[in-house]
Amino acid sequence: MTFAELNLHEDVLAGLDAIGFEKATPIQEIAIPSIIEGKDLIGCAQTGTGKTAAFLLPLMHKICAQKIEDDHINSIIICPTRELAIQIDQQLQGLSYFTGVSSIAIYGGGDGDSFTQEKRALSQGAHIVVGTPGKLISHLNLGYANVKQVQNLVLDEADRMLDMGFLDDIKKIISFLPKKRQNLLFSATMPPKIRSLAKEILTDPKEVNISISKPAERVTQVAVLAHDSQKIETIKHLLRYNDVPSLIIFASTKLKVREITKALRKEGLDAKEISSDLEQKEREDILRQFKNRKLQMLVATDVISRGIDIDNIDMVINYDAPNDPEDYIHRIGRTARAASEGEAVTFINEDDMYKFARIEQMMEMEVRKIQPPEHVGPGPEYNPKSRGNQRGGRKPFRKGKRR
DNA sequence: AAAAAAC
């Protein structure tokens with residue numbers, strides 16, 4: 001189905017036309033008419049399905065069609081990370097070029113200047129505000145945000161936000177908003193917690209389910225049974241024998257991210273780190289360099305595993321298996337986007353074997369296991385039933401609940 | 001046992 005057939009406002013269509021978008025994705029086909037109709041919506045979908053445009057387009061359409069002024073806030077979008085807020089706002093600005101829809105991204109880590117700008121936008125009004133929970137609340141608490149006429153609330157990556165403990169913050173934000181409003185909730189998974197959140201804040205929602213629990217088919221996955229000491233050498237080997245102009249290396253802790261970056265740079269490789277340990281400005285600079293292909297290798301925590309859109313990443317390396325099995329899908333989903341193909345290499349050591357077996361279980365597929373290249377020496381032996389260190393000698397007497 | 005998010 002084309003966007004024109006979805007009866008979007010002509011100014012919105014002009015923006016789509018300018019960037020060469022013509023056909024709606026499945027989630028857009030269902031969500032757009034339903035949102036325009038004014039219904040609440042619960043969408044099980046990830047980025048890469050066209051989820052963001054699925055809510056941005058109808059919000060923009062309604063602002064245009066109803067000729068809504070921007071002397072107040074019309075819509076609020078809440079999302080879990082700063083980079084995601086920036087990205088949604090950028091996408092919005094691209095799409096709204098011909099519409100006169102105004103927007104601002106509100107997130108932490110800024111300076112006094114950005115605070116003043118945010119304050120001005122929130123008090124004088126902007127059609128759409130995209131933000132992370134903490135910063136939105138601190139502005140709302142100060143009382144000047146013109147939210148009395150908010151008509152739409154979007155919760156993006158809702159499962160992630162609950163994981164991060166944002167439930168109370170979300171409720172707090174909602175307490176500032178008019179009771180009568182349209183709510184859109186998007187989540188990659190639908191655990192009971194999300195169901196109950198939906199039940200609490202949505203009214204008779206339309207459900208859309210475009211969930212992909214299986215990774216993009218164009219991603220070639222392989223797992224390398226590598227000891228920690230073999231990993232950097234294996235990365236060098238991969239780079240030597242593959243053409244990899246653009247590569248993300250994920251690791252599960254900020255410390256590891258820092259150490260890996262150091263080790264790679266010591267080898268003369270073009271790598272930089274991104275994690276919440278960096279100044280916000282630096283996070284943005286480095287992500288921009290990587291997106292513009294001025295930087296070959298990005299070493300990252302899961303801060304960018306969800307939602308972040310970067311074209312043409314040739315390879316994702318998981319330096320370790322992620323703690324949350326869902327994150328594996330998100331991490332490797334950074335590659336093979338749009339029409340391209342991609343490769344995902346996951347290092348698993350003894351500790352990671354159990355975690356990786358769970359990932360395979362979730363995907364309902366087995367990933368090919370290989371040993372590190374010969375000159376690096378043999379890796380650990382893989383036994384999927386092995387629980388790795390899970391029941392290692394350290395904690396047989398531990399009592400109480402663990403998860 | 002982790003990451004992220006407010007000053």
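Within every chain, numbering begins at 1; the chains are lettered A, B, ... in the order of the sequence lines, protein sequences first and strands thereafter.
For F356(A) and Y328(A), the ring centers sit closer than 6.0 Å to each other.
One finds a side-chain N or O of K135(A) lying less than 4.0 angstrom from the OP1 or OP2 phosphate oxygen of dC7(B). For the OP1/OP2 pair of dA5(B) and a distance below 4.0 Å, the side-chain nitrogens and oxygens of R283(A) include at least one atom meeting the criterion. Residue T132(A) places at least one side-chain N or O closer than 4.0 Å to OP1 or OP2 of dA6(B). In terms of phosphate contacts, T301(A) brings a side-chain nitrogen or oxygen within less than 4.0 Å of OP1 or OP2 of dA4(B). OP1 or OP2 of dA2(B) has not a single side-chain nitrogen or oxygen of S252(A) nearer than 4.0 Å. For the pair K256(A) and dA3(B), the criterion of a side-chain N or O lying under 4.0 Å from OP1 or OP2 is not met.
Between the CD1 atom of I170(A) and the P atom of dA6(B) there is a distance of 13 Å, rounded to whole Å. Between the CG atom of L278(A) and the C1' atom of dA4(B) there is a distance of 14 Å, given to the nearest Å. For D352(A) and dA1(B), the CG to P distance is 16 Å, given to the nearest whole Å. A straight line from CD of E83(A) to C1' of dA3(B) spans 13 Å, rounded to a whole angstrom. The CD-P distance, from E118(A) to dC7(B), rounds to 9 Å in whole Å. Remark: P of dA4(B) and CG of D327(A) are 11 Å apart, rounded to the nearest angstrom. Note: CG (N318(A)) to P (dA2(B)) measures 18 Å, nearest angstrom. Distance R358(A) CZ to dA1(B) C1': 12 Å, rounded to the nearest Å.
In this structure, G165(A) reaches neither bases nor backbone, as no heavy-atom distance under 4.0 Å exists between it and the strands shown. Residue-level contact check: S275(A) touches the backbone only, with heavy atoms under 4.0 Å from sugar-phosphate atoms and none from bases. Residue contacts for R160(A): at a heavy-atom cut-off of 4.0 Å it reaches no nucleic acid atom on any strand shown.
Checking dC7(B), dA5(B), dA2(B) against the side-chain heavy atoms of T253(A) singles out dA2(B) as nearest. Nearest to the side chain of N323(A), among dA6(B), dA2(B), dA5(B), sits dA2(B). For S138(A), whose side chain is taken as the heavy atoms from C-beta onward, the closest listed nucleotide among dA3(B), dA2(B), dA6(B) is dA6(B).
Sorted by first then second residue, the salt bridge (charged side-chain N to carboxylate O under 4.0 Å, His left out) pairs that include residues 78-97 of chain A, not counting sequence neighbours, are E83(A)-R283(A). Sorted by first and then second residue, the salt bridge (charged side-chain N to carboxylate O under 4.0 Å, His left out) pairs involving residues 137-155 of chain A (not counting sequence neighbours) form an empty list.
The existence of a salt bridge linking D285(A) and K291(A) is excluded, since no basic side-chain nitrogen approaches an acidic carboxylate oxygen closer than 4.0 Å.
A heavy-atom distance below 4.5 Å is not found between the side chains of S246(A) and N312(A).
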